[in-house]
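What follows is one structure encoded as C-alpha cells, with my remarks underneath.
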Amino acid sequence: MSAPPLRTPPEATAPSASTTATRTRAAQDRPATVRGCAPDAAFGAGSGEPYVRLLTGQDLMPGLWLRGADGTSHRLDAGSWIGPAGEADLAVLDRASGPVLDVGCGPGRMLHAAALRSLPALGIDIALGAVARARVLGGLALHRSVFDRLPLEGRWRCVLLLDGNIGIGGDPTALLRRCAELLAADGAILVEVDAEPDLVVLGECTVHDDDGRESAPFPWARVGWSAIHGLAAAAGLAVAEHWDAAGRHFVCVVPSARRTAVRETRNAIAATAASTSQMTPSARP
C-alpha cells in the first residue's frame, strides 16, 4: 500500500513556469481529500507510523489494522506485503501483459514475481522505504504518486491496484479515471476488491498496530467486488471479469467501448455458430 514520504527534500532553485504549471495540473487531477485531513495525508502517515515500522523490519510479526471514522477496524494482511508473491498474486500475473505498472507497489513482491516471468514492470510508491526495499529486491521502482507525471503514459498494457490500493486518495472513481489515462488502447486495470460485494466505504481512516501505535488520519476507501461496477462506469470503464483466489477477490477493468466491442464480437460468433448448426450437411462450408 502507499504511504507518505519520510521527508521532502528542499528544492535548490525556484521551479520554472512549466514545472509550476505541470504541478498545478497534477494537483487539480488529484481526488479531494477528506475534510480534516492534511492535503498530503496518505496511507500510514503521522505519529507512530506503523507502516514505516513494517517496511524497515521493526515489526517482525506485523499486525496492522485500518480504522474508520466510525471506530470499526479491518485487519490488513500486512505480512503478505513483505513476503514473496502468493497463489492469488500469481493468478493476477496470469492475466497481465507487459509493460506493467504496479501502483502502490510497496516492498515490491509483484515486481519480483513479474521479473521471474520476464514480464517488464515498474512500481511506484510515495513511501521512500517501500521504494528502497523494492529496489534492493531487484525491482524497478520510482518514488512517485500515481497522480504525478509518469513514464509511458498511455502505453501501459496493465495497471495493478492490489492490497487495497483502490483506496488511494479516498476517491476510487478518480483513481480509476487516472489509471485509464495511463493505459494503452488494449490495456487493463487489475484491481483487488473487498470480498463483501456491496461494500463502499469512503472517508477518513488511520492505520494502527497491535501495540497501539496509530497513524494520522488520511483519506481512503474500500470497495466490494459488486460495488466497483458502478464506480468504474462513472470513470468510463467496465468490469470485464471477476475472480477469487486464495480468499481474495479481483476484477479486470477495461474501457467501456472495448468491453462493448468484445461482447458484440462474442454475440456475432455465437449467432454464426447457431446458424451453422441449423444448416443441412450438404449446405455447410
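Remember, predicted model here, so these are calculated numbers, not experimental data. Along the sequence shown, residues carry numbers from 1.
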So, the side chain of W156 versus the backbone of P151: is there a donor-acceptor pair under 3.5 Å, distance only?
yes
Would you say the side-chain atoms of N165 pair up with the backbone N or O of V103, donor to acceptor, closer than 3.5 Å?
yes
Starting at CG of D102, measure out to CE of M110 and round the result to the nearest 0.5 Å.
6.5 Å
Taking C-beta and beyond as the side chain, do D194 and H249 meet within less than 4.5 Å on heavy atoms?
no
For A234, does its backbone N or O pair with a side-chain atom of R177 as donor and acceptor, under 3.5 Å?
yes
T173 side chain to L231 backbone, donor-acceptor under 3.5 Å:
yes
Within this structure, what is the CG-CG distance for the pair L162 and L190, rounded to the nearest 0.5 Å?
7.5 Å
Quick one: does D209's side chain have a donor or acceptor within less than 3.5 Å of a partner on D211's backbone?
yes
Check: H208/S215 side-chain N/O donor and acceptor closer than 3.5 Å:
no
Say you draw a straight line from CD of E196 to NE2 of H74; how long is it, rounded to the nearest 0.5 Å?
10.0 Å
Quick one, P99 and R157 - any side-chain contact, counting heavy atoms below 4.5 Å?
yes
Would you say the side-chain atoms of W225 and D244 include a donor-acceptor pair closer than 3.5 Å?
no
CG/L142 to CD1/I126 distance, rounded to the nearest 0.5 angstrom?
13.5 Å
For G236, does its backbone N or O pair with a side-chain atom of S256 as donor and acceptor, under 3.5 Å?
yes
Quick check: do C252 and W243 have side-chain heavy atoms less than 4.5 Å from each other?
yes
Does the side chain to side chain contact (heavy atoms under 4.5 Å, CB included) test come out yes or no for L176 and L161, once each step is laid out?
CA-CA 9 Å; L176 288 171; L161 289 171; 4.2 Å; yes
Examine the side chains of S145 and D148 and answer whether a donor and an acceptor come within less than 3.5 Å of each other.
no
Spacing of CZ belonging to R213 relative to OG1 belonging to T206, to within rounding of 0.5 Å
14.0 Å
Between R248 and D163, does at least one N-O distance fall below 4.0 Å, as a salt bridge requires?
yes
Are any of the side-chain nitrogens in R117 or D94 under 4.0 Å away from the carboxylate oxygens of its partner?
yes
L140 versus L111: any side-chain heavy-atom pair under 4.5 Å?
no
Before accepting this row, confirm whether a basic side-chain N of the pair R95/E241 lies closer than 4.0 Å to the acidic partner's carboxylate O.
yes
For the atom pair CZ (F147) and CD (E181), what is the distance rounded to the nearest 0.5 Å?
9.5 Å
